[in-house]
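Structure record follows, encoded as structure tokens.
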Amino acid sequence: MAREVSIGGVKIGGGRPLVLVAGPCVIENENATLRCAEKLMTICNGVGMSLIFKASYDKANRTSVTAYRGPGLKEGLRILAKVKDSLGVPVLSDIHSIEQVAPAADVLDVLQIPAFLCRQTDLLIAAARTGRAINVKKGQFLAPWDMKNVVGKLLSCDNENITLTERGASFGYNNLVVDMRSFPIMRATGCPVIFDATHSVQLPGGEGTSSGGQREYVEYLSRAAVAAGVDGVFMEVHEEPEQALCDGPNSVRLEDLPALLKKLKAIDAIVK
């Protein structure tokens, strides 16, 4: 069983009930971000599920140089701090460089290491030394058993507040697949494991200058992952995915979330 990790009052792992990590792909503006966070809190309270709110202040690996990246570090952290303070919900965002670690750690409850950076030793160590919880996305290019080396880098800094996230593995061009064996393999590290249900249905670069996605498969994969015993589910959500400035094709429509969470909670109760 994975160890229990405490994140701003939310406990994940250790046999605890399923946790939702959710929010828009990127911070589009303050009002939309706060509105999304409030709706997510209402939905999670309604189904009895703990929430960690996520949104990126900068999407540094967009397909095209002209794609919207977000408001940037300073403004993005200000908005996330407002979400955290006004709603009392833990917040998570991506960090991309060592210079971002200290200011991000002043606000965020979880420092997320993006999949493409999951082997960047200096970034991992800088993040771990803050004492904040670290969520590492498994790279699309890594085998699940390779994540033990990533965990080893973080543990070398005496930080056990680690979660690992499966987000699919590259399968040919512009496609990802999820190997359900990865969940127990990564949990063998002792870390709680999260399934990224929306990035796993992404079609990277599939639209030429942006990524495509198949949100119609989010429910099926997330149900399978919860049945496999994951500790949390990560989902990008939006009021109007068709209008989203990033990852719209794979984002879950907010109004569809309550019914899905009820199903996932029921499966989780059976498994645990």
Side-chain angles (χ1 to χ4, degrees), residues 7-10 12 16-29 31-56 79-80 83-84 86-93 109-110 112 135 137 163 165-168 178 192-202 211-228 230-272:
I7 300 171
V10 171
I12 184 170
R16 292 274 185 169
L18 191 71
V19 171
L20 177 67
V21 183
C25 173
V26 66
I27 296 171
E28 297 182 355
N29 59 66
N31 289 338
T33 303
L34 284 166
R35 188 168 63 247
C36 182
E38 290 169 355
K39 290 185 176 182
L40 280 169
M41 285 288 290
T42 299
I43 290 169
C44 286
N45 288 338
V47 300
M49 188 175 290
S50 295
L51 171 68
I52 297 170
F53 181 78
K54 65 80 51 187
S56 294
I79 293 171
L80 289 170
V83 170
K84 179 178 178 177
S86 62
L87 298 177
V89 61
V91 293
L92 171 154
S93 195
D109 297 280
V110 188
Q112 180 164 280
N135 181 46
K137 293 280 192 80
T163 59
T165 296
E166 170 62 62
R167 53 96 72 236
V178 179
V193 173
I194 297 168
F195 175 52
D196 185 341
T198 49
H199 281 107
S200 291
V201 299
Q202 192 180 56
S211 291
Q214 298 172 313
R215 80 170 66 89
E216 64 268 26
Y217 298 126
V218 168
E219 176 174 341
Y220 301 103
L221 289 180
S222 58
R223 280 163 36 187
V226 174
V230 296
D231 302 286
V233 174
F234 179 112
M235 293 184 187
E236 291 188 332
V237 299
H238 200 278
E239 292 174 305
E240 299 179 83
E242 294 79 10
Q243 306 302 319
L245 299 181
C246 180
D247 277 7
N250 54 272
S251 293
V252 173
R253 196 178 306 277
L254 264 173
E255 65 184 26
D256 296 334
L257 191 60
L260 176 55
L261 293 184
K262 289 176 183 177
K263 293 177 183 178
L264 299 184
K265 186 175 180 180
I267 296 169
D268 184 61
I270 293 170
V271 172
K272 293 177 182 171

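When a residue number appears, it is its place in the shown sequence, counting from 1. In what follows, every heavy atom counts, from backbone to side chain, and hydrogens, waters and symmetry copies are set aside.
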Would you tabulate the side-chain donor-acceptor contacts of residues 260-272 under 3.5 Å, counting partners in other chains and residues two or more places apart, or write 'none'?
unit_1, atom_1, unit_2, atom_2, d
Lys263, NZ, Glu219, OE2, 2.8
Lys265, NZ, Val47, O, 2.6
Lys265, NZ, Gly48, O, 3.2
Asp268, OD1, Lys272, NZ, 3.0
Asp268, OD2, Leu18, N, 2.9
Lys272, NZ, Arg16, O, 2.8
Lys272, NZ, Val230, O, 3.4

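In this structure, Ala22 and Leu51 approach most closely via the heavy-atom pair N-CD1, 4.2 Å. The two residues Val26 and Ser56 make their nearest non-hydrogen contact at CG2-O, 3.4 Å. Listed here is the closest heavy atom pair of Cys25 and Asp247: SG-OD2, 3.7 Å. Closest of all the heavy-atom pairs between Pro192 and Asp231 is CA-OD2, 3.3 Å.
Asn135 has its side chain within reach of Ile194: a pair of non-hydrogen atoms, C-beta onward, lies under 4.5 Å apart. A 4.5 Å side-chain heavy-atom check between Ile7 and Val19 finds every atom pair outside the cut-off. Residues Val89 and Val83 meet the side-chain proximity criterion, which asks for heavy atoms closer than 4.5 Å. The shortest distance between side-chain heavy atoms of Pro24 and Phe53 falls below 4.5 Å. In this structure, Val110 and Pro90 have side chains that are not in contact, with every pair of non-hydrogen atoms separated by 4.5 Å or more. A 4.5 Å side-chain heavy-atom check between Leu80 and Ile27 finds at least one atom pair inside the cut-off.
Applying the side chain to side chain contact (heavy atoms under 4.5 Å, CB included) test between Gln202 and each of Gln214, Glu236, Arg167 identifies Arg167 as the sole match.
Listed for the Glu28 side chain is a donor-acceptor partner under 3.5 Å among the backbone atoms of Leu245. Looking at Asn29, its side chain does come within 3.5 Å of a backbone N or O of Ala32 through a donor-acceptor pair. Proximity of a side-chain donor or acceptor of Arg215 to a complementary backbone N or O of Ser251 within less than 3.5 Å is detected.
Taking CD of Gln112 as the reference point, atom CD1 of Ile52 lies at 10.5 Å (rounded to 0.5 Å). Between the CG atom in Leu92 and the CZ atom in Phe234 there is a gap of 6.5 Å [rounded to 0.5 Å]. Atom NE2 of residue His199 and atom CD of residue Glu166 lie 13.0 Å apart, to the nearest 0.5 angstrom. Summarising the geometry, atom CG belonging to Asn31 is positioned 12.5 Å from atom SG belonging to Cys36; distances are rounded to the nearest 0.5 Å. The structure places OG of Ser200 at 10.5 Å from CE of Met235, a figure rounded to the nearest 0.5 Å. Taking NZ of Lys84 as the reference point, atom CD1 of Ile79 lies at 15.5 Å (rounded to 0.5 Å).
For Glu239, the salt bridge (Lys or Arg N to Asp or Glu O under 4.0 Å) test picks out Arg35, Lys39, with sequence neighbours left out.
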Determine, stepwise, if the pair Val237 / Thr198 fulfils side-chain contact (heavy atoms from CB on, under 4.5 Å). CA-CA 9 Å; Val237 299; Thr198 49; over 6 Å; no
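Checked by atom type, the side-chain pair Thr165/Asp196 shows no donor-acceptor distance below 3.5 Å.
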